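Read the structure below first, then the notes.
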Number of protein chains: 2
Amino acid sequence: MREMLKHADAAQMHAQNMNKPSGRLFAVTDSASAKTKAPSRIQQRNRSVILDAALEVFSSEGYRGATLDQIAKQAGLSKPNILYYFNGKEEIHVTLLNQLMTTWLDPLKEMNPNGDPIKEIIAYVHRKLDMAIELPRESRLFANEILQGAPRMGPHLTAGLKPLFDEQAAVITRWMDSGKIARSDPAHLLFSIWATTQHYADFAAQAEVLLPDSNAREQGARVFLDQIFTKLLTP
Amino acid sequence: MREMLKHADAAQMHAQNMNKPSGRLFAVTDSASAKTKAPSRIQQRNRSVILDAALEVFSSEGYRGATLDQIAKQAGLSKPNILYYFNGKEEIHVTLLNQLMTTWLDPLKEMNPNGDPIKEIIAYVHRKLDMAIELPRESRLFANEILQGAPRMGPHLTAGLKPLFDEQAAVITRWMDSGKIARSDPAHLLFSIWATTQHYADFAAQAEVLLPDSNAREQGARVFLDQIFTKLLTP
DNA sequence: TCACTTTTTTACCATTTGGTAAAGACACGA
DNA sequence: TCGTGTCTTTACCAAATGGTAAAAAAGTGA
């Protein structure tokens with residue numbers, strides 16, 4: 001009930017007029033009129049500091065588990081100060097999710113339909129593994145959101161991921177049709193690539209117990225994934 | 001701070017005497033003296049109703065995201081009534097995690113060192129996939145806990161999972177030594193089995209968008225996993 | 001340096017949330 | 001049917017949490 005109201009608010013809280021010089025920074029998202037003027041140096045810095053802190057907290061605590069106080073502390077700012085830069089907890093989270101979508105989709109886009117199929121797919125695997133290792137927080141943020149049923153990302157999945165997914169699945173199917181790689185289900189092939197690579201970020205707490213040497217683990221993962229997908233794809 | 005206190009409490013709240021006939025049900029975990037007498041029918045039923053409700057809520061909201069009110073509502077009981085059966089939110093969660101550990105480890109134990117290696121491993125894959133499909137809540141509860149850094153399960157991983165993991169990795173290594181299956185890293189092989197199977201439970205929200213037909217999805221997953229692991233393992 | 005804007009801080013608030021106290025309602029053997 | 005122990009409800013509470021108001025502090029261009 002309250003949630004719905006808040007959503008409605010966010011969607012159309014335009015009516016407000018910003019006469020008084022003090023108060024909110026953000027242009028109350030007045031979509032129709034004046035766009036927000038260029039953000040100042042300090043604004044840029046603080047927004048990014050906040051987003052980084054929020055990424056840290058959200059990715060390890062989940063949306064509800066994260067508190068503004070934690071984020072504020074992590075960012076080295078006061079809570080009201082954070083609310084000066086963002087309309088609220090949800091806006092921070094959504095901003096993070098939007099940024100993430102790009103980061104997440106890019107590697108998939110890089111698969112070149114005219115390249116060598118096996119090389120292209122293996123390169124994609126490596127790119128995803130690198131991301132999991134270098135950007136574990138992003139991976140966990142995503143995992144948390146999906147685990148929770150993608151409450152704030154559902155649209156992104158349908159509008160952003162789905163078309164790209166279908167497109168790349170079609171590319172893979174064509175590769176299979178041409179006999180350049182062994183036939184298997186392209187959709188599940190992509191799933192398995194995501195699952196096996198992101199596993200090293202999302203289940204790091206488990207992997208660290210079972211295979212404590214992180215260098216060996218990363219190297220081992222690389223070799224293993226290379227092997228399993230090469231074997232699968234080789235005709 | 002408060003968390004630490006609570007832990008301390010849970011660990012040694014023995015001093016209390018249970019003179020008054022009313023009050024707490026559970027024997028205040030008096031480890032030294034009288035064990036709790038056999039739980040009544042209604043006790044058994046309510047505890048399991050609560051645990052089921054809690055599984056539902058914890059698995060989709062995470063520990064901090066879940067509230068006792070949600071659990072109470074889901075269970076069809078009042079909040080204080082729930083606290084009559086369990087000492088608190090954390091105890092419910094821990095109970096769930098303990099139960100889960102058994103469920104989680106069993107399939108791995110069933111791998112028979114004397115069976116046909118490929119068949120044994122493939123059978124394990126199928127068992128794990130079945131679990132992901134039939135017990136998605138358990139899979140998500142686990143995923144949530146690990147994602148959050150296994151704060152309440154760390155010991156279980158070390159004491160329960162690790163030994164079994166090492167043992168089975170050794171079994172697989174022996175199989176490889178004997179030439180019955182192709183050589184690959186046993187640890188990462190197990191990781192990839194977990195990742196690919198649990199993916200269908202943990203990332204269901206995503207999979208449902210990308211591959212909406214759930215029957216086709218399950219069947220496709222089965223065929224694909226069979227294929228990829230057979231190819232990997234065949235010498 | 002002054003007037004004006006942008007940032008930050010200090011006090012607060014209303015809700016939510018985990019949890020408790022204590023009175024009732026209920027079950028059941030004697 | 002009475003009494004004793006088991007289970008449930010009602011009425012609360014303190015802390016945590018998302019958020020706001022408004023004043024103070026910093027900047028900044030002229």
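All values reported here derive from a predicted model rather than from experimental measurement. Just so we're on the same page: letters track the sequence lines, and every chain starts at 1.
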In whole angstrom, what separates A:His93's NE2 from D:dG18's P?
-> 13 Å
B:Lys73 atom NZ is separated from C:dT16 atom C1', nearest whole Å, by 15 Å
Take atom NZ in A:Lys109; do more than 12 heavy atoms of anything else shown fall under 6.0 Å from it?
-> yes
In whole angstrom, what separates A:Lys89's NZ from D:dT17's P?
-> 9 Å
Are B:Lys162 and B:Asp166 close enough for a salt bridge, meaning some N to O gap below 4.0 Å?
-> yes
Indicate whether OP1 or OP2 belonging to C:dT7 is found under 4.0 Å from a side-chain N or O atom of A:Gln43.
-> yes
Would you call the rings of B:His199 and B:Phe203 parallel, tilted or perpendicular if under 30° counts as parallel and over 60° as perpendicular?
-> parallel
Starting from the C-alpha separation in whole Å, work towards a yes-or-no answer on ring pair (Phe, Tyr, Trp, His ring centres under 6.0 Å) for B:His188 and A:Tyr200.
-> CA-CA 10 Å; B:His188 292 279; A:Tyr200 291 98; 5.6 Å; yes
Under a 4.0 Å heavy-atom cut-off, which of residues 60-68 of chain A touch DNA chain D?
-> A:Ala66, A:Thr67, A:Leu68
Among all residues two or more places apart in sequence or in another chain, which pass the salt bridge (Lys or Arg N to Asp or Glu O under 4.0 Å) test with A:Arg64?
-> none
Do B:Phe142 and A:Gln206 come within less than 4.5 Å of each other through their side chains, counting heavy atoms only?
-> yes
State, with a plain yes or no, whether a side-chain heavy atom of A:Arg137 is found less than 4.5 Å away from one of A:Phe58.
-> no
Using whole Å, report how far CG of A:Asp69 lies from C1' of D:dT17.
-> 7 Å
Within the sub-3.5 Å range, which N or O atoms of nucleotides 8-13 of chain D have a protein N or O partner, and how far apart are they?
{"residue": "D:dT8", "atom": "OP1", "partner": "B:Asn46", "partner atom": "ND2", "Å": "3.2"}
{"residue": "D:dT8", "atom": "OP2", "partner": "B:Asn46", "partner atom": "ND2", "Å": "3.1"}
{"residue": "D:dT8", "atom": "OP2", "partner": "B:Asn81", "partner atom": "OD1", "Å": "3.3"}
{"residue": "D:dT8", "atom": "OP2", "partner": "B:Asn81", "partner atom": "ND2", "Å": "3.2"}
{"residue": "D:dT8", "atom": "OP2", "partner": "B:Tyr85", "partner atom": "OH", "Å": "2.8"}
{"residue": "D:dT8", "atom": "O5'", "partner": "B:Asn81", "partner atom": "OD1", "Å": "3.3"}

Verdict with reasoning, A:Arg222 to A:Asp130, per salt bridge (Lys or Arg N to Asp or Glu O under 4.0 Å) | CA-CA 9 Å; A:Arg222 216 171 292 279; A:Asp130 288 342; 2.7 Å; yes
For the pair made of CD in B:Glu91 and C1' in C:dG19, what is the distance, rounded to whole Å?
-> 13 Å
